[in-house]
Amino acid sequence: MAGMRMTNAQSSSKPLSLSQPPQRLPVAVQGGVQLRIKNSQSSGDRLSQSKSMVLQETDLPQKPISRHRRNQSQHNVFITAGGGGGGADVELKSEHLNVAKISEGGKKQRKNWSLMWSVLTSDQLLFYKERQQETSQKSGGKTDVVQLCGAVIEWTTEKSSRKNVFQITTNTGSEFLLQTDSYSTASKWYDTIRKNIDSSTKADGGFSLRRSNSTEYLPRHSSLPGYGSASPNAKQRNPTHRRSINMFGSSKLKHSTSDSTDKNGVKNRLKKFISRRPSMKTLQEKGLIKDRVFGCHLATLCEREGATVPRFVQICLDAVEKRGLEADGIYRVSGNLATIQKLRFIVDQEEHLDLDHSQWEDVHVVTGALKMFFRELPEPLFPFRFFQPFVEAIKLKESKHKVQAVKKLIQELPKPNQDTMKVLFSHLHRVLAFSRKNLMSTQGIGIVFGPTLMWPELDAGNMAVNMVYQNQIVEFILIESRQIFNLDMK
């Protein structure tokens, strides 16, 4: 009896042995839930057995994205769980880039460039303020995480004045600008990100959709387009929950028959309105539209007023000769722009203009309005087709031939241009008679009125050279005005 007890005691003290040694199971693939069963029958050895239960994708509840990282300096691998890609995301590229977030969830943000440590994985682009945060295990280390699944990448020159800028737009409406001074570096990043976007989008069977202005994922269901045929019951349950989803790269929207009918109706109504609207002449006759003075062709204005010199030009010249010939810097000094615009508005509205009123007491306002009138002519006082002939005439060396050439060109001008030019230069000649008091010279008047009275139709040449010729032509006509316009005969 005692022997039997000793035998049982010895057999019970022997460690339990299995025919096969325990094995470690690898980390489960996406959607895997690990259950580890521990058996500590012996203090010396511990058994661990792993069982894996894999659920179908359609049965999985949507979970918020959560990630934890191993030490990258040792492994250079990011472990993700519950995300779109699952498994291990290998770091493909990491470098300092200039990053600016200009939109989040469709809402524009102020562009603020920052130098970020950028890490690219197979389905994400992560931005850190400092490189050390990449290996830190503290929460909040990542500044921004860009999901590449369903994103769009493109080069852009409109969003920033910097060079080598490309934009990433996520499927949630967030927009990021990335930039680096090296074109080769930017090009490599662009190509790599684009490939990752394509591969992650294909692997996901499209991309995750989110509701507008929300971080809630739309569930992948058979009722969504491209996910099998929808059951009729599902369509009847949610008839009012249709939302327009902006899908990048999707086909054109198909409009219903009613929409196209409404558009055709709008087009027809617009056509009828345009065909029935009154002509410009009818509106002018009724007084609904008044002809302008500023910005009107010189010939048209003179024809409307029944004269060869515009009435506004004559009124301004008379006012200057009445009280401004001795004003210091006449035509050179600028008047108050707001008052000049007020004067212009009154003239365009064909209201009674009295330049002797106290509000126009500053003679520089009158001269400023006169210069504005000539600058806003659709065709200058010296017509476009005469610009180059006047330049060739002023290049002549002999003064006598130069006077004859300029006089001949002026006589070929249209009557309104010729008479207006004669009145203007006669007035400027009287201004020069008071040069000791107003401190204006022929050169000063040439500089002021050169670009005001003539300019080329197309600025094909050198602007500085043209300006020199403009000033010289006006100055020469002013000096020789008596002979050119036969002023000595009056």
Enquirer: Any carboxylate oxygen within less than 4.0 angstrom of a Lys/Arg side-chain nitrogen, looking at Arg385 and Glu457?
Expert: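 No, this pair does not count.
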Enquirer: Would you say the side-chain atoms of Thr201 pair up with the backbone N or O of Asp198, donor to acceptor, closer than 3.5 Å?
Expert: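 No, Thr201 side chain to Asp198 backbone: no donor-acceptor pair under 3.5 Å.
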Enquirer: Provide the closest heavy-atom pair for Asn171 versus Gly150 in the form atom of the first, atom of the second, distance.
Expert: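 The answer is CB-O, 3.9 Å.
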Enquirer: Applying ring-ring contact (aromatic ring centres under 6.0 Å, His included), can you list everything that pairs with Trp113, at least two apart in sequence or on another chain?
Expert: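 By the ring-ring contact (aromatic ring centres under 6.0 Å, His included) rule, Trp113 matches no residue at all.
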Enquirer: Within the distance-only criterion (no hydrogens, no angle test), does the side chain of His297 pair as donor or acceptor with the backbone N or O of Ala299 below 3.5 angstrom?
Expert: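 Pair absent, no side-chain N/O of His297 close to backbone of Ala299.
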Enquirer: How far apart are the C-alpha atoms of Tyr469 and Lys395, what are their side-chain angles, what is the distance that settles it, and do they pass the side chain to side chain contact (heavy atoms under 4.5 Å, CB included) test?
Expert: CA-CA 9 Å; Tyr469 288 133; Lys395 290 181 180 180; 3.1 Å; yes
Enquirer: If only atom types and distance count, is the side chain of Glu95 paired as donor or acceptor with the main-chain N or O of Ser118 below 3.5 Å?
Expert: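 Checked: no pair found.
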Enquirer: Tell me if a side-chain donor or acceptor on Ser122 pairs with a main-chain N or O of Ser200 at a distance below 3.5 Å.
Expert: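 Not confirmed, Ser122 side chain does not pair with Ser200 backbone.
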Enquirer: Hey, is the main chain of Asp181 close enough, under 3.5 Å, to the side chain of Asn164 for a donor-acceptor pair?
Expert: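 Pair found, side chain donor or acceptor close to backbone of Asp181.
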Enquirer: Taking ring-ring contact (aromatic ring centres under 6.0 Å, His included) as the test, write out the residues that go with Phe390, two or more places apart.
Expert: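 With sequence neighbours excluded, Phe390 shows a ring-ring contact (aromatic ring centres under 6.0 Å, His included) to Phe382, given in chain and number order.
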Enquirer: Examine distances only and state if a side-chain atom of Ser174 and a backbone atom of Gly105 form a donor-acceptor pair shorter than 3.5 Å.
Expert: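 A pair under 3.5 Å: yes.
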Enquirer: Looking at Arg304 and Leu301, what are the two nearest heavy atoms and their distance?
Expert: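 Heavy atoms only, the tightest pair is NH2-CD1, 3.1 Å.
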Enquirer: Any idea which heavy atoms bring Asn417 and Pro380 closest together, and the distance?
Expert: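 Shortest heavy-atom contact: ND2-O, 3.8 Å.
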Enquirer: Are the side chain of Asn336 and the backbone N or O of Val365 linked by a donor-acceptor pair below 3.5 Å?
Expert: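 Between the backbone of Val365 and the side chain of Asn336 there is no qualifying donor-acceptor contact (under 3.5 Å).
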Enquirer: Measuring from Asp144:CG to Glu104:CD, what's the distance to the nearest 0.5 Å?
Expert: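 One finds 7.0 Å between CG of Asp144 and CD of Glu104.
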Enquirer: Check Met467 against Pro451 and note the closest heavy-atom contact, atom names and distance.
Expert: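 Met467 and Pro451 have their closest heavy atoms at CG-CG, 4.4 Å.
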Enquirer: Checking side chain to side chain contact (heavy atoms under 4.5 Å, CB included) between Thr367 and each of Ile340, Val333, Ile330, which is the one that passes?
Expert: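 The passing option is Ile330.
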Enquirer: Kindly state whether the ring of Phe312 and the ring of Phe294 have centres lying under 6.0 angstrom apart.
Expert: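 Yes, they do, as the ring centres are separated by less than 6.0 Å.
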Enquirer: Let me see the working for Tyr331 and Thr452 under side chain to side chain contact (heavy atoms under 4.5 Å, CB included), right down to the final yes or no.
Expert: CA-CA 12 Å; Tyr331 288 111; Thr452 303; over 6 Å; no
Enquirer: Atom NZ of Lys107 and atom CD of Glu175: how far apart are they, to the nearest 0.5 Å?
Expert: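 These two atoms lie 14.5 Å from each other.
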Enquirer: Establish, from distance only, whether the side-chain atoms of Thr180 and Ser182 form a donor-acceptor pair under 3.5 Å.
Expert: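 Per modelled atom types, Thr180 and Ser182 side chains form no pair under 3.5 Å.
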Enquirer: Rounded to the nearest 0.5 Å, what's the gap from CD1 on Ile168 to CG on Leu178? Could you check?
Expert: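 Between Ile168 CD1 and Leu178 CG, I get 5.0 Å after rounding to 0.5 Å.
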Enquirer: Any chance you could measure Leu148, atom CG, to Ile153, atom CD1, to the nearest 0.5 Å?
Expert: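 Output value for this atom pair is 8.5 Å.
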Enquirer: Mind checking the CD-CD1 spacing from Gln470 to Ile447? Nearest 0.5 Å is all I need.
Expert: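 That separation rounds to 12.0 Å.
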Enquirer: If only atom types and distance count, is the side chain of Lys371 paired as donor or acceptor with the main-chain N or O of Ser334 below 3.5 Å?
Expert: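 Checking the backbone N and O of Ser334 against the side chain of Lys371, no donor-acceptor pair under 3.5 Å is found.
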Enquirer: Report yes or no: does Glu379 contribute a side-chain atom to a donor-acceptor pair with the main-chain N or O of Phe384 at less than 3.5 Å?
Expert: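 Here the side-chain-to-backbone pair exists.
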Enquirer: Supply the atom-to-atom distance Leu120 CG to Leu97 CG, rounded to the nearest 0.5 angstrom.
Expert: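 The CG atom of Leu97 is 10.0 Å from CG of Leu120, to the nearest 0.5 Å.
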Enquirer: The criterion is ring-ring contact (aromatic ring centres under 6.0 Å, His included); which residues satisfy it with Phe386, sequence neighbours excluded?
Expert: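 Counting only residues at least two positions away or on another chain, Phe386 forms no ring-ring contact (aromatic ring centres under 6.0 Å, His included).
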Enquirer: Closest heavy-atom contact between Met440 and Ile445?
Expert: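 Nearest pair, atom of Met440 first, then Ile445: CE-CG1, 3.9 Å.
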Enquirer: Can you see whether Thr169 engages Gln167 through a side-chain donor-acceptor pair at a distance of less than 3.5 angstrom?
Expert: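 Per modelled atom types, Thr169 and Gln167 side chains form a pair under 3.5 Å.
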Enquirer: Have a look at Phe166 and tell me which of Phe176, Trp155, Trp189 forms a ring-ring contact (aromatic ring centres under 6.0 Å, His included) with it.
Expert: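 That would be Trp155.
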Enquirer: Step by step, work out the side chain to side chain contact (heavy atoms under 4.5 Å, CB included) result for Glu475 and Asn471.
Expert: CA-CA 6 Å; Glu475 184 178 353; Asn471 301 347; 5.5 Å; no
